[in-house]
*Asks:* 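One structure, as structure tokens, below. Some questions next.
Side-chain atoms are counted along with the backbone in the values below, which use heavy atoms only and exclude waters and symmetry mates.
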Amino acid sequence: MHNRSFVRGAFILTIANVIDRAIGFVFRIILSNLLGSEGTGIYQIALPIYFVAITFITSGITAVTSRFVSEERAKGNRKNIFSIMEVSFFIVIFMGIVISSIIFFNAKYISDNLLHEPRAYLSILVFAPVLIIVSSSSIFKGFFQGLINMIPASVSEIVEQIVRVSLTLYLFSILTDIKLEYAAVIAVLGMAAGEVTSFLMYIFYYRRELSYIKEEMPDEGKIWDKLDIAKTLIKTSFPITISRMIVNILDLFESLIIPSRLIKSGLTHKEAISEFGKLSGMAYPLAYMPAVITMSLSVTVLPAVSEAASLKKWDAVRLRINQAIGYTTMIAIPAIILFLTLPDEIASLLYPNSPGVGALVKVIAAGSIFAYLESIVTSILNGLGMQNVVLKNSVIWTVISVIAMYVLIPIPNLRLFGYIYGFIFADILVFILNFRELVKVTGLTVDYNNWFFKPLTSALIMSIADTIMYFNLLMVISNKWIVMFITVSSGLALYLLVSYIIRLPYLNDLNKLIFSRSK
């Protein structure tokens, strides 16, 4: 299809994600300050149930829908694409209704006996019905990803975020001095309204895409029986669902185990909830900000690799992998170095009433490069049909993380830092295992120079300049926001300049790759 390349798709989705995350990040800061660390803890304790349910219903089926739509697109088989859509919809809507009902009618038990936080009850009641809407949206998302058309997802996510933020802040403005559990419900209501709006946007774009497909896509090849489609979708999606659920189950374990293990270390219940809120609601979002890039690349690289692999174009597969990893490190490394350089200054600026966030951010950021790379490699392996490898290694990752959570957090001198060290070790190990499989299958050559050494060199020069500039500017400018803006903007400009001088290829050829017609 015209002008729908992997890199262009990733670029469009990245720009949208940057806007989406920028809105969401500012909103999260405001929300965290409105709720406080304890209120944020209540909100974050309820969310893992939602995300585990969403992952169980949608993650695998979305990925395989994207993969098979991409393959049928490459083969020019229009009818099979629509058959895949019909079957996928039936599966997720059925599962959405079942899971939503189970959670809704057991909300009290979940909040009291699983989460040990009765104040999460109302939040669970509100988000349970939304699962059906989100499940339906996921199939549209997989459909458009398979066609490498990232505009619908991009626009839908931005509109969803705007609706969510606007409604939430409006409700907070008219409902003052409310209990923490009701404040958390307001945040969930805003999220629900955003999801409904996103679903309506997908319907609009899908109706437009139908005429486009019928006009430009041929209808060739063997017709795929719908029962066979259902069997294939379920069989292929199961390992992906389980491996991705493992990540969300770990989030659930965090909300279940971390507060109790912090109490074991000597903190009170209130202190434990506050510390958990700092980790999950403040430190994670800040330290993992570069995930906006890895998410975009992970989404687009799966159908791009599937399409190339289905046509046996292994040079194209290796090119797309190289691009995905190169662009990831080009963005992630300077962000990581920035968080290592000015962690306390950034965190205290964003979360002035929550001391200690900067120390958490610094440790998380130090090992985050492996999480970003693992996200890309996992998506590529799924695109190559190696779901079982991903599942096996995901289990290893979870076991290590849970052990760290259970054993290290109660140690007073470690607490949350012990857990962070544990999951960073798990990220490193699983990345090595998955990357080894990727190299074995594709014959990929590791480009140490362009993937790591060049961006690291530029980032270290940026770090030195940022340190000098920030502390000198503080002596002449009293407003820390202005100082931080000047420091980060100047540092980014210096990073790009040095990268250009040392010929980092992903920077030099970005314009050509984005606007070329086919990659």
Side-chain angles (χ1 to χ4, degrees), residues 3 5-15 17-18 289-298 300-301 304-305 308 313-342 365-377 379-380 431 435 438-439 442-469 486-519:
N3 212 23
S5 71
F6 153 61
V7 178
R8 183 176 176 82
F11 177 73
I12 292 172
L13 195 58
T14 297
I15 295 300
N17 278 343
V18 167
M289 271 183 21
V292 66
I293 305 298
T294 61
M295 261 177 40
S296 305
L297 291 166
S298 295
T300 51
V301 77
V305 167
K313 295 182 177 179
W314 292 105
D315 286 341
V317 169
R318 286 186 286 270
L319 171 63
R320 286 163 181 169
I321 295 172
N322 188 293
Q323 291 169 342
I325 294 176
Y327 288 122
T328 297
T329 57
M330 183 180 73
I331 299 297
I333 288 176
I336 291 168
I337 296 298
L338 176 64
F339 288 133
L340 294 178
T341 304
L342 301 169
S368 62
I369 186 65
F370 298 99
Y372 304 137
L373 292 174
E374 174 54 23
S375 172
I376 295 295
V377 173
S379 188
I380 294 167
F431 166 70
F435 191 75
L438 182 64
V439 171
T442 64
L444 180 70
T445 300
V446 180
D447 189 352
Y448 292 104
N449 194 33
N450 290 316
W451 289 355
F452 301 110
F453 295 143
K454 286 185 178 181
L456 183 59
T457 299
S458 301
L460 290 175
I461 294 172
M462 175 200 76
S463 173
I464 296 170
D466 280 350
T467 303
I468 296 172
M469 186 178 302
I486 295 174
T487 300
V488 173
S489 300
S490 302
L492 176 60
L494 179 61
Y495 171 78
L496 294 174
L497 176 62
V498 175
S499 297
Y500 179 79
I501 292 172
I502 63 178
R503 300 182 182 277
L504 183 64
Y506 311 104
L507 181 65
N508 292 328
D509 64 7
L510 184 59
N511 183 68
K512 180 183 69 174
L513 288 172
I514 292 169
F515 295 102
S516 66
R517 292 181 175 243
S518 62
K519 282 285 170 190

*Asks:* State, yes or no, whether a side-chain contact exists between Val498 and Leu494 at a heavy-atom distance under 4.5 Å.
*Replies:* yes
*Asks:* To the closest 0.5 Å, what do you measure between CE (Met330) and CG (Leu496)?
*Replies:* 8.0 Å
*Asks:* Working to the nearest 0.5 angstrom, can you tell me the gap between Leu460 CG and Ile464 CD1?
*Replies:* 7.0 Å
*Asks:* Between Ser490 and Ile486, what is the shortest heavy-atom contact and its length?
*Replies:* OG-O, 2.8 Å
*Asks:* Considering all heavy atoms of both residues, which atom of Arg503 and which atom of Lys454 are nearest to each other, and what is their separation?
*Replies:* O-NZ, 3.0 Å
*Asks:* How about Leu373 and Phe435: do any of their side-chain heavy atoms sit closer than 4.5 Å?
*Replies:* no
*Asks:* Measure the spacing between CD1 of Ile461 and CG of Leu456 and express it to the nearest 0.5 Å.
*Replies:* 10.0 Å
*Asks:* Quick one, Asn322 and Thr445 - any side-chain contact, counting heavy atoms below 4.5 Å?
*Replies:* no
*Asks:* CZ of Phe452 to CD1 of Ile369: how many Å apart, nearest 0.5 Å?
*Replies:* 6.5 Å
*Asks:* Could you tell me the separation between the CD1 atom of Ile321 and the CG atom of Leu438, rounded to the nearest 0.5 Å?
*Replies:* 4.5 Å
*Asks:* Determine whether Ile502 and Ser458 make a side-chain contact, defined as any pair of heavy atoms from C-beta on separated by less than 4.5 Å.
*Replies:* yes
*Asks:* With respect to Tyr372, which candidate in Ile331, Val377, Ile336 satisfies the side-chain contact (heavy atoms from CB on, under 4.5 Å) definition?
*Replies:* Ile336
*Asks:* Atom CD1 in Ile325, atom CG in Leu444: separation rounded to 0.5 Å?
*Replies:* 6.0 Å
*Asks:* When you compare the side chain of Ile337 with that of Asp466, does any pair of heavy atoms fall below 4.5 Å?
*Replies:* no
*Asks:* Counting distance only, does the side-chain N/O of Thr329 pair as donor-acceptor with the main-chain N or O of Gly326 below 3.5 Å?
*Replies:* yes
*Asks:* Is a donor on one side and an acceptor on the other found under 3.5 Å between the side chain of Ser463 and the backbone of Ala459?
*Replies:* no
*Asks:* Between Gln323 and Tyr506, which heavy-atom pair has the shortest distance, and what is it?
*Replies:* CA-CE2, 4.4 Å
*Asks:* Does the side chain of Leu492 come within less than 4.5 Å of Pro334's, by heavy atoms?
*Replies:* no
